[in-house]
Amino acid sequence: MPSVSASLFWITLCAVLAPLLAGLVPRKLVPEVVLLLIAGVVVGPHVLDLAVVGSEIDLLRELGLGMLFLLAGYEINTSELTGRGGRRALVTWLSCLVLAFVVVGLLGLTGAIDAEIAVAIALTSTALGTLLPILKDSGMLGTRLGRTVLNHGAFGELGPVVAMAILLSSRGAGASLVVLAAFAAAAVAVAFIPAGLRREGSKLASIIRLGSETTAQTTVRLTMLLLVTLIAVATIFDLDIILGAFAAGFILRRARPAGDEKLEAKLDGLAFGLLIPIFFVTSGMAIDVKAVAAAPGILLAFLVLILLVRGLPVFFAERFDRGPDQKDPPPTVRERGQVALYAATGLPLIVAVTEVAVNAGQMTESNASILVAAGAITVLVLPLTASLLAPKPMSTTPPVERVV
């Protein structure tokens, strides 16, 4: 069995090679995340067996998952979520969940699918954390389409996490709701701490501000403390760490409502430079290639279900979008198609849901591998297809005068 140091070497090498290979592809059509997953498959125990996930690497993996969802929560504008677009995204996600239960329930009656609840929840997820780099690189975050994707992505991440806590818990739905309420109260209590730390005129606020640009890196350390604290609180309540990380992102945005470019650059460096690549590489290492290759029909079925359950409701819901003031023109069919494809892109939550189902004995590892592979394919294909649907920019170059 490979040692921890050898495993970490191969995982880090994959993290370095992925962006280099992605840069060689014209127009960066292949997302780096997909290459990280493929590299994880290659070095993992199911192919070359060069790396394994031990307790030490698993800790880094969980921190990577936490940073992924912290940054996703930080990008969410709470005023957008409470506005028309956010309410429409919530209703759409609830519709997706109902549709998922109906479709998966019918398939479960035929014996084609096991772990129906876990599969249904996984089908309704949106990989907002995975989409963020794509939206940033394309300059879409500040656009109407980008804000719409963020709304659907927020509920496509938060909704499945809450559904996991209620429906996949051994406590029962009633007790799980009480635990969720207790966690929410704890998160609200933690949210008041950053406001106190940045109180103007306080000595502590001055120390934090001055230390942020020194080797102390106080703001980065406080952010990590916030993340680890809420992950620990979620663990105490026996909830998925994703919920704690997402809450940490919301709290960080509340503490920095106008944003903080320097802090964001530092967090991006820490997250995307080390921790998040480790999460994706190790996720690829868990994919059983033989199980996926042995059941191509099931893989295709999962892909169709993701598009049907998540993409189709979003496509129809966006026909009612008229902007926050109800004065904008409705989105075109192309734009609705783009939003639907982005919303149907899912991976991190599919990994999380399948892990919970496998650990609970509700899902086989082979079926989990196929579902994760389907999520990886959505990351490869759907954002690329969405970008191809975007209208070509108008040329601003003045015509060249011909001299006769």
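As a basis for the values below, the full set of heavy atoms in this structure was taken, side chains included, without hydrogen atoms, waters or symmetry mates.
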L307 side chain reached by L382 side chain, heavy atoms, under 4.5 Å: yes
T385: partners by side chain to side chain donor-acceptor pair (under 3.5 Å), with sequence neighbours left out: none
Donor-acceptor pair, side chain of Q338 and main chain of A386, under 3.5 angstrom: yes
Heavy-atom closest contact (E116 atom, G108 atom, distance): OE2-CA, 3.5 Å
I298: side-chain contact (heavy atoms from CB on, under 4.5 Å) partners, not counting sequence neighbours: A295, F302, I370
Non-hydrogen side-chain atoms of L65 and L275 separated by less than 4.5 Å: no
Flag, side chain of R334 to backbone of P331, donor-acceptor distance under 3.5 Å: no
V52: partners by side-chain contact (heavy atoms from CB on, under 4.5 Å), with sequence neighbours left out: M1, P2, S7, D49
Test side chain to side chain donor-acceptor pair (under 3.5 Å) applied to E56 - qualifying residues, sequence neighbours left out: none
Validation row: M285, P45 side chains within 4.5 angstrom (heavy atoms): yes
Pairing residues for F315 by the ring-ring contact (aromatic ring centres under 6.0 Å, His included) criterion, not counting sequence neighbours: none
Between CD1 on residue I117 and CZ on residue F101, distance to nearest 0.5 Å: 6.0 Å
Gap separating the CG atom of L252 from the CG atom of L267, nearest 0.5 angstrom: 6.5 Å
Residue pairs fulfilling side chain to side chain donor-acceptor pair (under 3.5 Å) with at least one residue in residues 286-314, sequence neighbours excluded: T126-R310
R144/E335 salt bridge by N-O under 4.0 Å criterion: no
D260 (side chain) donor-acceptor with L263 (main chain) under 3.5 angstrom: yes
Partner residues of F246 under the ring-ring contact (aromatic ring centres under 6.0 Å, His included) criterion, sequence neighbours left out: F250
R221 side chain to A216 backbone, donor-acceptor under 3.5 Å: yes
Counterpart residues, side-chain contact (heavy atoms from CB on, under 4.5 Å), relative to P313 (two or more places apart): T92, C96, L99
Salt bridge (charged side-chain N to carboxylate O under 4.0 Å, His left out) between R256 and E264, intermediate numbers included: CA-CA 10 Å; R256 298 284 185 179; E264 291 164 16; over 6 Å; no
CG-CG distance between L388 and L341, expressed to the nearest 0.5 angstrom: 10.0 Å
Pairing residues for P277 by the side-chain contact (heavy atoms from CB on, under 4.5 Å) criterion, not counting sequence neighbours: A15, L36
Flag side-chain contact, heavy atom, 4.5 Å: L20 against L24: no
Closest contact, heavy atoms only, V47 versus V41: CG2-O, 3.1 Å
Validation row: V43, C14 side chains within 4.5 angstrom (heavy atoms): yes
Contacts of Q217 that satisfy side chain to side chain donor-acceptor pair (under 3.5 Å) - sequence neighbours left out: K266
M140 side chain near L145 side chain, heavy-atom distance below 4.5 Å: yes
Euclidean distance, L222 CG relative to T218 OG1, rounded to 0.5 Å: 6.0 Å
Any donor-acceptor N/O pair, T345 side chain to A127 backbone, under 3.5 Å: no
Under 3.5 Å: donor-acceptor pair, side chain of S176, backbone of A165: yes
Pairwise distance CD1(I242) to CG(L68) - rounded to 0.5 angstrom: 8.5 Å
Side chains of V91 and S95 in contact at under 4.5 Å (non-hydrogen atoms): yes
Qualifying side chain to side chain donor-acceptor pair (under 3.5 Å) pairs, either residue in residues 59-71, two or more places apart: R61-T282, R61-S283, R61-E355
Inter- and intrachain pairs under ring-ring contact (aromatic ring centres under 6.0 Å, His included), touching residues 138-191, at least two apart: none
Between CZ on residue F280 and CD on residue E32, distance to nearest 0.5 Å: 9.5 Å
Sub-4.5 Å side-chain heavy-atom contact between V314 and R336: no
Minimal non-hydrogen separation, R88 against F320, with atom names: NH1-O, 4.1 Å
